[in-house]
Undergrad: 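Sharing a structure with you now.
A note on names: the letters A, B, ... follow the listed sequences, proteins ahead of strands, and every chain is numbered from 1.
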Protein chains: 4
Amino acid sequence: MTPRTPEKFAEMREKSRNLIIEKAMDVFAKHGYYKASINMISKAAGISKGLIYNYFKSKDELLQSVFVEGFKYFDEMMKIDQTEISAQEKLEILLNNFTQSLKDNLPFWKLYQNIISHPIISEKLTKFKEYYESVFGPLLMSIFIELFGNEMTEMEIQIEVMLFAAFLDGIAFDYVIMGEEYPLDAIKQKLLGKYFDR
Amino acid sequence: MTPRTPEKFAEMREKSRNLIIEKAMDVFAKHGYYKASINMISKAAGISKGLIYNYFKSKDELLQSVFVEGFKYFDEMMKIDQTEISAQEKLEILLNNFTQSLKDNLPFWKLYQNIISHPIISEKLTKFKEYYESVFGPLLMSIFIELFGNEMTEMEIQIEVMLFAAFLDGIAFDYVIMGEEYPLDAIKQKLLGKYFDR
Amino acid sequence: MTPRTPEKFAEMREKSRNLIIEKAMDVFAKHGYYKASINMISKAAGISKGLIYNYFKSKDELLQSVFVEGFKYFDEMMKIDQTEISAQEKLEILLNNFTQSLKDNLPFWKLYQNIISHPIISEKLTKFKEYYESVFGPLLMSIFIELFGNEMTEMEIQIEVMLFAAFLDGIAFDYVIMGEEYPLDAIKQKLLGKYFDR
Amino acid sequence: MTPRTPEKFAEMREKSRNLIIEKAMDVFAKHGYYKASINMISKAAGISKGLIYNYFKSKDELLQSVFVEGFKYFDEMMKIDQTEISAQEKLEILLNNFTQSLKDNLPFWKLYQNIISHPIISEKLTKFKEYYESVFGPLLMSIFIELFGNEMTEMEIQIEVMLFAAFLDGIAFDYVIMGEEYPLDAIKQKLLGKYFDR
DNA sequence: GATGAATGAGCTTTCATTCAT
DNA sequence: GATGAATGAAAGCTCATTCAT
């Protein structure tokens, strides 16, 4: 007859919230934001529709939260622990992390493609844009300055960064469309060949 | 009051059909497939809702038709008239055509991004996939065979083609997201620099 | 095979719109704004739910329209045609019209009670308030100036008007609650007795 | 750690119950019955949703209880202690009490307006009707018999009572709508002028 | 007694599609 | 061919109520 402790409640909330986000990511990835219904998500999570609104004010906010959860995939991608390594090695690690993440977290990357390219929804993902501009962009820039700082102006290096980013978006795009049959690793090696003699 | 000839008739139908497709492309591009309503499209085209169903069985079929119409942008891109030019020049022309098309036909490319990356809809776009596999892929392949035929196996060239395609998709992706501020031409030059000394 | 003419369409719209407003008034009156569902209204009107949204953007707007429609009951109440009659006669006519309207248009008056006294909804009924202040208030004022202009200041007459309005509102209030058993006419006579010897 | 006595227990229950009723009255008054949620009320009272159901079977029953609690405002209104005073003085005291109560207990009167005029809910308020008929009506009747018993039939006096009650409802109605700016006291004086020379 | 997570019925609203004219 | 009124399924969301602890 003792009531649940606040800790117990927090734990329950945490568990449900994570479950919802996880299943929402799958369903959003599979059907796209608009065709993914709250009903589908609740069924995928084995809970009632109403419960979702206990944790997220709206479908929109749920999407935001799913995306924020996805930030960690970007974080993992950028984890380049060893400080005493060359820029070339850093870029290789980054690429390896990226392709690994594509394989491991396909639902998230599907969602990323679908949402980012969506004309209206993407406006709502301000948090994501800020994150990209403040964290991911500068990291790439620092690596490319190390690589090309001697031979190029900063302006030119900016363009290098954008081309590299385009490549990342491009293989994500194609991998999402083609799935397992896409030769991710071979393409990655080919790309490195464009930057470094091997 | 001359009675319309069958030819006249067919011509009028064709004109109406094209008008609908054109306006539908704009509306789909602006709002995305799901948020674009038949009502919006009919208003943009200045006709009644019902008339659209006179030309297309369903919203889905209209989308298909809009997409098929968009093939012409691919066709234009691949128009490399002079036969007596080098593979390098062909690739340059292709890239020029590509970036020009991005600028000229932004609505189509928005739609392309949005739809292709859409997990379920894309299944319906079989016509597009067939087209890609039978027309665009082979063209790229022929150019790259000319470029690298001596030094690489066909397998490797396939990978080169896919890498190049990834760049194109990535550039389109980023251009659609960032719009006018994206330095399309500078990036194009950088990309060519990865293939040819300049 | 001739398409419907614009006039025909306008007529159809007019008919449906009026039907919806009429039935909405009944249903709102019977159940109150919140318990009255769009579903109930559509069933009362023998049409589909969706059709209501073809004519009114929202439930809110439907309520507004129902109310605007109800203005005519106020207009009828204030119809005092003969110009060459005394203020006393005018007041009598006004009261007669008022009680008659209560009897004839009970649904509207129920709705009026329910909505006006509702803390939040009433804010939306700005049109009604403006109407009252610009039309009904001044009319009462002119009658009471004629009645008491000699003996009272304008300030005092204002109070007389508000007292009279309170009687009207109270009578409507009680009539709506008690229904047919409420002795409307006897009370009307009693009220007149407070103003004129009889 | 003295064990709570049953009396202590009952007292605590009483206190909680009163707190809920008090806060519920505020919330109902502010948002109206339907828009006032159990959640709002529980937050206003600083307790959990579930606890409310420990004291009241349903939202409906809570409303009933809030209303019954409001009877005390009627009781206070009718408190005319001195027995040796004239009917005129009694009526004046009654009116003073009423206007004072309007000012002091605005939330209750808002709720009263909102609920009583609500077509379906009011059916549930049987307790209130019984109360009115057995307590408030007879009191007014006794005063008016004293006032007009010589000159009128009982039937007529009934009508006087109803007109007076309509006036009370009317100023409550208007006061609730207009708020502080409503000249309650001036109107009260005007009314008394209709009954007694002054 | 007390908590708040969880449920599910029911709400308003949207929109592809049909069809009488 | 052409119109737009009308339909109805399905969406997002709210909230009174229950119940395990």
Undergrad: Rounded to the Å, how far apart are Lys43(B) NZ and dC15(E) P?
TA: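 Result: 11 Å.
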Undergrad: Applying salt bridge (Lys or Arg N to Asp or Glu O under 4.0 Å), name anything that partners Lys72(B), two or more places apart in sequence or on another chain.
TA: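 With sequence neighbours excluded, Lys72(B) shows a salt bridge (Lys or Arg N to Asp or Glu O under 4.0 Å) to Glu69(B), given in chain and number order.
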Undergrad: Roughly, in whole Å, what's the span from CD1 in Ile41(D) to P in dA16(F)?
TA: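 These atoms are roughly 8 Å apart.
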Undergrad: With Tyr131(B), which residues qualify under side-chain hydrogen bond (donor to acceptor under 3.5 Å, both in side chains), at least two apart?
TA: Asp75(B)
Undergrad: DNA chain F: stems of at least 3 consecutive Watson-Crick or G-U pairs, cut-off 3.5 Å?
TA: E:2-21 with F:2-21
Undergrad: How close or far is atom P of dA16(F) from atom CD of Glu61(D), stated in whole angstroms?
TA: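 After rounding, the gap between these two atoms is 15 Å.
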Undergrad: Figure out the CD/C1' separation between Glu7(A) and dT3(E), and round it to whole Å.
TA: 13 Å
Undergrad: Quick one: side-chain hydrogen bond (donor to acceptor under 3.5 Å, both in side chains) partners of Glu22(C), sequence neighbours excluded?
TA: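 Applying side-chain hydrogen bond (donor to acceptor under 3.5 Å, both in side chains) to Glu22(C) gives none.
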Undergrad: List in chain and number order the residues that pass side chain to side chain contact (heavy atoms under 4.5 Å, CB included) with Arg17(A), two or more places apart in sequence or in another chain; answer none if no residue qualifies.
TA: Ile21(A), Tyr55(A), Phe56(A), Ser65(A)
Undergrad: Can you confirm if the NZ or CZ of Lys59(A) lies within 45° of the ring axis of Tyr33(A) and under 6.0 Å from the centre of its six-membered ring?
TA: yes
Undergrad: Rounded to the nearest angstrom, tell me the gap between atom NE2 in His31(C) and atom C1' in dG10(E).
TA: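 Distance check: His31(C) NE2 to dG10(E) C1' gives 15 Å.
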Undergrad: Pick the closest DNA chain F nucleotide for Lys57(D) and for Lys57(A) by heavy atoms, then say which residue is nearer the 5' end.
TA: Lys57(A)
Undergrad: Does Asn18(B) have any side chain to side chain contact (heavy atoms under 4.5 Å, CB included) partners at least two apart in sequence or in another chain, and if so, which?
TA: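 Once residues adjacent in sequence are excluded, the partners of Asn18(B) under the side chain to side chain contact (heavy atoms under 4.5 Å, CB included) criterion are Glu14(B).
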Undergrad: Expressed as a whole number of angstroms, how long is the span from Glu14(D):CD to dG1(E):P?
TA: 11 Å
Undergrad: Mind checking side-chain hydrogen bond (donor to acceptor under 3.5 Å, both in side chains) for Lys57(A) and listing every partner two or more places apart, or none if nothing turns up?
TA: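 Scan of Lys57(A) (side-chain hydrogen bond (donor to acceptor under 3.5 Å, both in side chains), adjacent residues dropped) gives Glu61(A).
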Undergrad: Quick one: side-chain hydrogen bond (donor to acceptor under 3.5 Å, both in side chains) partners of Asn105(D), sequence neighbours excluded?
TA: Ser101(D)
Undergrad: Within the 4.0 Å limit for protein heavy atoms, which parts of nucleotides 6-12 of chain F are touched? Write it as a string from 5' to 3', B for base, S for sugar-phosphate only, - for none.
TA: BBB-BSS
